[in-house]
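Report on the structure given below.
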Amino acid sequence: VAAAVMVHTYAHVAPRSSLRARHAVLAPAPAPPAPAPPKPCLLPPAASLQPIPAPPKPGPPRGSLLEQLAQCQANSASLITEMNSTFKSRRDRSGMLLTLTTRSLRVGTCAHRFAGTARFFETHVVYAFDHPRHRQVEMQMWYRDMASPAAAGGTTFSFRILRRLEYFDREYDFTDPGHELRLEFLSEEDGRAFRQRVLPRVQGMAASEKERREGA
């Protein structure tokens, strides 16, 4: 019986020793890795640091698109009106008495005969023609500066200008009584229209200016 008990005890203890050995084989869990050291903060040099500009102040509220278009149209109309009043075109027909196409214009000693268009106004005539040196020009001549205006009949109107002519400074000498200007119209009908509508005004203004000069 004693031997049997000893065997039973040995058989009972052996498994406990085996469990203890198996428990010793298990490895401990690995420790978590240490955190990396923080990287140093690299700042730009102090000279490169610029102050941030303040945002622009909001302007006055803009009107609607129709209001802006209306304002632009008003500004354009005002500009055009101002330009017309400042730079009045010579082709303005206000006060025009007669327009005639001429056969020729002779000036002083100039050998050329200049065909062109004469526009007679209440106080002056504008003669447009092609000049050999100045190309297309418009010569403006005032009736008060004319002397001896004559158009007895036919198609010719002759007169003198008592001042220097810009485009004929070498061909015309206003101090020489023999230098004159002579317009030749295309037809006798044109000459008749000139004598009826324009010549009385030319002669009247030239005579008044002559009396003023002589009385001065």
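All values derive from a computational prediction rather than experimental measurement.
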> Are any side-chain N or O atoms of His124 and backbone N or O atoms of Gln140, one a donor and one an acceptor, separated by less than 3.5 Å?
Replying inline: no
> Sequence neighbours excluded, which residues qualify as side-chain contact (heavy atoms from CB on, under 4.5 Å) partners of Ala115?
Replying inline: none
> Short question: side chain of Arg103, backbone of Leu186 - any donor-acceptor pair under 3.5 Å?
Replying inline: yes
> Hey, does Leu181 have a side-chain heavy atom less than 4.5 Å from the side chain of Met141?
Replying inline: yes
>> Nearest 0.5 angstrom please: Phe120 CZ to Leu98 CG, how far?
In response: 6.5 Å
>> Restricting to non-hydrogen atoms, name the atom on Pro149 and the atom on Val202 that form the minimum distance, rounded to 0.1 Å.
In response: CB-CG1, 3.9 Å
> So, the side chain of Tyr172 versus the backbone of Cys110: is there a donor-acceptor pair under 3.5 Å, distance only?
Replying inline: no
> Step by step, would you call Arg212 with Glu209 a salt bridge (Lys or Arg N to Asp or Glu O under 4.0 Å)?
Replying inline: CA-CA 5 Å; Arg212 189 193 66 79; Glu209 183 64 18; 2.6 Å; yes
> Are Trp142 and Phe129 in one and the same hydrophobic cluster, where Ile, Leu, Val, Met, Phe, Trp and Tyr link if side-chain heavy atoms are under 4.5 Å apart?
Replying inline: no
> Is it the case that more than 12 heavy atoms not belonging to Arg213 sit under 6.0 Å from its CZ atom?
Replying inline: yes
>> Which heavy atom of Phe174 sits nearest to which heavy atom of Arg164, and what is that distance?
In response: CD2-N, 3.5 Å
> Got a donor-acceptor contact below 3.5 angstrom from the Thr109 side chain to the Glu171 backbone?
Replying inline: yes
>> As an exercise, state the distance from CD of Glu188 to OG1 of Thr155, rounded to the nearest 0.5 Å.
In response: 7.0 Å
>> Within a 6.0 Å radius of atom CZ on Arg195, are there more than 12 heavy atoms belonging to other residues, nucleotides or ligands?
In response: yes
> Ignoring hydrogens and geometry, is there a side-chain-to-backbone donor-acceptor pair from Tyr143 to Arg201 under 3.5 Å?
Replying inline: no
>> So which atom in Met96 and which in Arg119 form the shortest heavy-atom distance, rounded to 0.1 Å?
In response: CE-CD, 3.7 Å
> For the residue pair Tyr127 and Gly116, what are the closest heavy atoms and their distance?
Replying inline: OH-N, 3.1 Å
> Is the backbone N or O of Arg182 less than 3.5 Å from a side-chain atom of Ser158, with the two atoms forming a donor-acceptor pair by type?
Replying inline: no
> Is Val107 reachable from Leu162 through a run of hydrophobic residues whose side-chain heavy atoms are each under 4.5 Å from the next?
Replying inline: no
> Would a line drawn from the ring center of Phe114 to the ring center of Phe168 be shorter than 6.0 Å?
Replying inline: yes
> Any donor-acceptor pair under 3.5 Å linking the side chain of Arg160 with the backbone of Asp176?
Replying inline: yes
